Amino acid sequence: MKSKSKKITLLKGGGCAILLFVTLFPIYWLLSMAIRPTDEMSGHISLVPGSLTVEHFSQLFTDKGFGQAIVNSLQTTGISLILSLLIGICAAYIIARRRFNFGLKRPLTYWVLLVRVLPPVAFTIPLYTMFSKAGILNGKLPVILACILINVPLIIWFLISFFRDLPEEIEESAKVDGATEWQLFVRIVLPLVAPGIAAVAMLSFMYAWNEYTYTIIFTRSPSNYTVPLALSVLNTEDNLTNFGLVAAGGVISVIPIMLFVIFAQNYLIAGLSSGAVKE
C-alpha cells in the first residue's frame with residue numbers, strides 16, 4: 001500500500017515538474033537571449049550562455065529610443081485604464097442596481113455584450129474615419145480611446161455580477177444611517193467589490209499595455225510608438241531581426257505588467273478579507 005502511494009506521489013511530482021519546466025522555459029530562454037552576446041546566436045545555440053552582456057539593453061535605450069516607447073505605453077495604458085475603470089464601474093453599478101429609471105437597460109446591456117464579442121479589428125475602419133475627420137490621428141489620444149472602447153465592456157460585464165451579489169440590506173442600512181448615494185457607493189459598495197475591481201484592472205492593464213493593432217494603424221510618428229510597436233521594428237540594416245534586442249525589449253516590457261499584477265494582488269487579497277457582513 002505504501003509502495004503504491006509512493007508511486008502516485010512520484011508521478012504527481014514528475015507531472016508537476018514537467019508542467020513547471022514547460023511553463024518557465026520560454027521565460028528562461030527569453031532572458032538567456034537578452035543577456036547573450038550576438039556572436040553566440042549564430043549556428044548552434046547552447047542552452048546556457050557562454051558569457052553575459054548587457055549590450056542589448058543599453059543599445060535599446062541609446063540607439064533605439066526604447067525609453068520613449070516605455071513612456072508612451074505608460075501614458076496610454078495608465079490614462080485608458082483610469083478612464084475605463086471610472087466609466088465601467090459606474091455603469092456596472094447603475095445597470096446592476098438600476099439606480100435610475102430608464103427603459104433602455106436591456107438594449108444597453110446587449111450593446112455592451114456586442115461590443116465585447118466583436119473582434120477589435122471590426123472597429124478599425126469606423127474609428128480611423130472618425131479620428132481622421134477629427135484630426136487626432138498620429139498621437140496617443142486615438143490609442144487611448146480605442147483601449148477604452150475595448151476595456152469598458154469587459155469591466156461592465158465583469159463587475160455586474162459582483163454588484164448583484166452584494167446584499168441589498170447593506171445599502172439599506174447605510175441609507176438608514178443617513179448615507180448619501182455617493183457615500184454609499186464610495187465607502188460601502190466599492191470596498192466590497194475590491195476583489196473584482198482588482199481582477200478586471202489586471203486584465204484591462206494587460207490588454208492596453210500589449211495593444212498593437214490600433215497602435216500600428218493610428219500611430220505614424222516613431223516618437224509616439226508604444227512598446228509592442230517599438231519591438232516590431234527592431235531590425236538591423238540588413239532587414240534581419242536582432243533577436244538579442246527583441247529579447248531584451250521583451251524582458252523590459254514584462255516588468256511593468258509583473259509590478260502591476262503584484263500591486264493589484266495585494267488589493268485583491270485585502271478585498272477578500274474585508275467587508276464581511278455582520279449580523
Side-chain angles (χ1 to χ4, degrees), residues 74-118 120 123 143-211 256-279:
L74 290 175
Q75 291 176 345
T76 56
T77 302
I79 296 174
S80 65
L81 177 62
I82 293 174
L83 295 179
S84 298
L85 288 175
L86 289 175
I87 298 172
I89 292 173
C90 295
Y93 182 65
I94 292 173
I95 294 175
R97 285 291 190 257
R98 198 174 182 179
R99 289 296 177 187
F100 301 98
N101 294 323
F102 59 96
L104 298 177
K105 178 179 179 180
R106 187 177 296 273
L108 178 63
T109 306
Y110 289 149
W111 174 83
V112 172
L113 177 62
L114 179 63
V115 173
R116 187 58 195 170
V117 169
L118 290 175
F123 304 102
V143 180
I144 293 174
L145 295 177
C147 290
I148 293 175
L149 173 67
I150 301 301
N151 282 333
V152 166
L154 171 66
I155 296 172
I156 293 176
W157 272 97
F158 195 91
L159 293 181
I160 281 179
S161 61
F162 279 84
F163 288 125
R164 286 177 178 171
D165 291 340
L166 287 179
E168 295 186 6
E169 290 78 7
I170 298 177
E171 301 177 45
E172 293 175 358
S173 300
K175 287 183 179 180
V176 171
D177 293 336
T180 63
E181 194 74 28
W182 178 253
Q183 291 174 336
L184 173 65
F185 179 66
V186 174
R187 298 183 180 181
I188 306 298
V189 175
L190 289 186
L192 294 177
V193 297
I197 296 176
V200 78
M202 284 189 277
L203 297 175
S204 301
F205 182 89
M206 286 188 289
Y207 171 81
W209 181 264
N210 295 320
E211 168 53 42
I257 297 179
M258 293 178 59
L259 295 177
F260 182 83
V261 169
I262 294 173
F263 177 78
Q265 279 184 340
N266 293 333
Y267 282 90
L268 181 62
I269 297 173
L272 289 172
S273 59
S274 64
V277 179
K278 297 181 180 180
E279 296 182 357

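Note: hydrogens, waters and symmetry copies are ignored here, and every other heavy atom, side chains too, is used. Predicted, not measured: the structure shown is a model, and the values here were computed from it.
Considering only residues two or more places apart in sequence or on other chains, Ile79 meets the side-chain contact (heavy atoms from CB on, under 4.5 Å) condition with Leu83, Ile144. For Pro153, the side-chain contact (heavy atoms from CB on, under 4.5 Å) partners are Val112, Val115, Arg116, not counting sequence neighbours. Shown here are the side-chain contact (heavy atoms from CB on, under 4.5 Å) partners of Ala146, two or more places apart in sequence or in another chain: Leu127, Tyr214, Phe218. Taking Tyr207 as the reference, nothing meets the ring-ring contact (aromatic ring centres under 6.0 Å, His included) condition, with sequence neighbours excluded.
Distance check: Ile94 CD1 to Ile160 CD1 gives 11.0 Å after rounding to the nearest 0.5 Å. The structure places CG of Leu192 at 11.5 Å from CG of Asp165, a figure rounded to the nearest 0.5 Å. The structure places CD1 of Ile150 at 5.5 Å from CZ of Phe123, a figure rounded to the nearest 0.5 Å.
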> So Leu81 and Asn151, side chain to side chain contact (heavy atoms under 4.5 Å, CB included) or not? Walk me through it.
Replying inline: CA-CA 8 Å; Leu81 177 62; Asn151 282 333; 5.8 Å; no

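The side chain to side chain donor-acceptor pair (under 3.5 Å) contacts involving residues 77-87 comprise nothing, where partners must be two or more places apart or lie in separate chains.
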Hey, can you pull the donor-acceptor pairs under 3.5 Å for the side chains in residues 197-205, sequence neighbours left out?
| unit_1 | atom_1 | unit_2 | atom_2 | d |
| --- | --- | --- | --- | --- |
| Ser204 | OG | Val200 | O | 2.9 |

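Residues Leu74 and Trp209 meet the side-chain proximity criterion, which asks for heavy atoms closer than 4.5 Å. No side-chain heavy atom of Leu145 sits under 4.5 Å from any side-chain heavy atom of Leu149. Residues Ile257 and Asn210 form a side-chain contact, since some pair of their non-hydrogen atoms from C-beta on lies under 4.5 Å apart. Between Ile95 and Phe163, every side-chain heavy-atom pair lies at or beyond the 4.5 Å cut-off. Looking at Ile89 and Phe162, their side chains never come closer than 4.5 Å, going by heavy atoms from C-beta outward.
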